[in-house]
Amino acid sequence: MTQIALTIAGSDSGGGAGIQADLKTFALHCVHGTSALTCVTAQNTLGVTQVEAMTVSMVKAQIEAVGSDFTVNSVKTGMLLHGEIIEGVAESINKFGFSKLVVDPVMVSRAGVQLIDDDAIALLTKLLIPQAAIVTPNRYEAEILSGLTINTIEEVKQAAVAIYERLGAKVVLVKGGGLLNSHRGTDIWYDGTELKILSEKAIETSNTHGTGCTLSAAICANLALEQDLWSSVIAAKKYVTAALKNFLNIGAGNGPVGHFFPLIKKI
Ligand SMILES: Nc1ncnc2c1ncn2[C@@H]1O[C@H](COP(=O)(O)OP(=O)(O)OP(=O)(O)O)[C@@H](O)[C@H]1O
Ligand SMILES: Cc1ncc(CO)c(N)n1
């Protein structure tokens, strides 16, 4: 049987993050990838130079086209840009009752660039995070969502608990890529009862563009393949770590992870 995943996210012209990272990740998991594009970024390894939103009606029409024709096994959201797009996406998600929902609350990139309007943060928090099976903020997004400052692993844990308690998230996975050197491979899971540490040795590279999108897309793909949430996260962490080890040294800035490593290398 063919499993189908849907990504609702922005385009990265450089191909390392956003919808391009998601579709590659779905493909490498043998999951049929579908997409609803929210915005287009002119972006490369050096940064974002321009952003243009899709209309809300076009975003909803894409979700409608996919949801009305296919059995969608899982969904992820990425860069949503505006409050109006978030409202439209939340409406469409409710309409189709997508239950295996991964919300990557894309607000600030690892490079510290804001990727969402200020007023959209409150709507993301109100309309999407409570619907999600799992929410996957990076260090900076976790600071915004929890209102806490994060420098240490202890503070990552406090932020994960705060996001769970304040925002009604079912499971919170705070990603540690933006932490200090030795903690860069450490993520924290909190599900209301247990705090779990997912730790991989930090990889020495600046070619980390798209790690967050890739992790959430891999979780989404594993959910589509009917793995439970914890197994999906463990397997996704393995995939992103291997993709990072096989980073692509392209462009003048921070290159992307190598999504297609299973096809070319044995690791
Ligand atoms: N240098 C590194 N070594 C090992 N693991 C890393 C490294 N950088 C990131 N990771 C892992 O990659 C995953 C994504 O985390 P990260 O904090 O980079 O997300 P992000 O900021 O949303 O990424 P991006 O904005 O580039 O898409 C996490 O599992 C994190 O632990
Ligand atoms: C389109 C897009 N989505 C997400 C991110 C976060 O890495 C990015 N840089 N660009």
Side-chain angles (χ1 to χ4, degrees), residues 7-25 35-54 76-81 85 102-116 134-145 150 153 156 159 173-189 196-219 233-247 251 253-257 259:
T7 170
I8 305 170
S11 165
D12 168 5
S13 53
I19 221 136
Q20 288 83 357
D22 296 344
L23 292 175
K24 280 181 246 192
T25 303
S35 59
L37 192 62
T38 57
C39 62
V40 176
T41 70
Q43 185 173 180
N44 58 23
T45 62
L46 295 167
V48 177
T49 51
Q50 207 168 315
V51 183
E52 204 161 294
M54 303 300 289
K76 77 153 269 192
T77 63
M79 182 173 174
L80 300 175
L81 191 65
I85 293 179
V102 180
V103 171
D104 188 0
V106 175
M107 299 178 194
V108 188
S109 77
R110 267 280 288 283
V113 178
Q114 187 159 335
L115 296 168
I116 188 171
I134 184 166
V135 56
T136 61
N138 66 18
R139 174 205 179 164
Y140 306 108
E141 292 152 356
E143 288 189 327
I144 294 170
L145 293 174
I150 300 175
I153 292 291
V156 176
L173 183 73
V174 181
K175 301 169 290 189
L179 293 171
L180 291 178
N181 284 353
S182 61
H183 295 312
R184 278 183 303 174
T186 302
D187 308 331
I188 300 291
W189 154 294
K196 296 184 191 173
I197 300 179
L198 285 106
S199 198
E200 291 281 350
K201 201 161 169 269
I203 297 157
E204 280 311 316
T205 178
S206 56
N207 296 313
T208 58
H209 184 54
T211 44
C213 303
T214 301
L215 181 74
S216 54
I219 296 171
V233 170
I234 302 267
K237 175 76 176 161
K238 281 206 181 102
Y239 178 79
V240 77
T241 303
L244 246 175
K245 285 182 182 159
N246 290 282
F247 63 78
N254 301 317
V257 301
H259 290 98

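Start at 1 and go down the list; that is how both ligands and their atoms are numbered. Side chains are part of it too, since the values below use all heavy atoms of this structure and drop only hydrogens, waters and symmetry mates.
The side chain of Leu244, and not its backbone, has at least one atom closer than 4.0 Å to an atom of ligand 1 (non-hydrogen atoms only; side chain from C-beta on). At a heavy-atom cutoff of 4.0 Å, ligand 1 is contacted by the side chain of Asp187 but not by its backbone. Counting heavy atoms closer than 4.0 Å to ligand 1, residue Lys201 contributes backbone atoms (N, CA, C, O) but none from C-beta onward.
Judged as a salt bridge (charged side-chain N to carboxylate O under 4.0 Å, His left out), and not counting sequence neighbours, the contacts of Asp187 are Lys237. Residues forming a salt bridge (charged side-chain N to carboxylate O under 4.0 Å, His left out) with Lys175 (at least two apart in sequence, or on another chain): Asp104.
Looking at Met107, Lys175, Glu141 and measuring to atom 22 (O) of ligand 1, the nearest heavy atom belongs to Lys175. Atom 16 (P) of ligand 1 has its nearest heavy-atom neighbour, among Thr211, Val108, Asp104, in Thr211. Evaluated by nearest non-hydrogen atom to atom 5 (N) of ligand 1, the leading choice among Ala243, Gly177, Gly185, Gly178 is Gly185. The heavy atom nearest to atom 20 (P) of ligand 1, out of those in Cys213, Gly212, Ser216, is found in Gly212.
In Gln114, the CD atom is crowded: over 12 heavy atoms of neighbouring residues, nucleotides or ligands sit closer than 6.0 Å.
Annotation for ligand 2: atoms under 4.0 Å from non-hydrogen atoms of His209 are 9 (N).
Distances shorter than 4.0 angstrom occur between a heavy atom of Cys213 and an atom of ligand 2.
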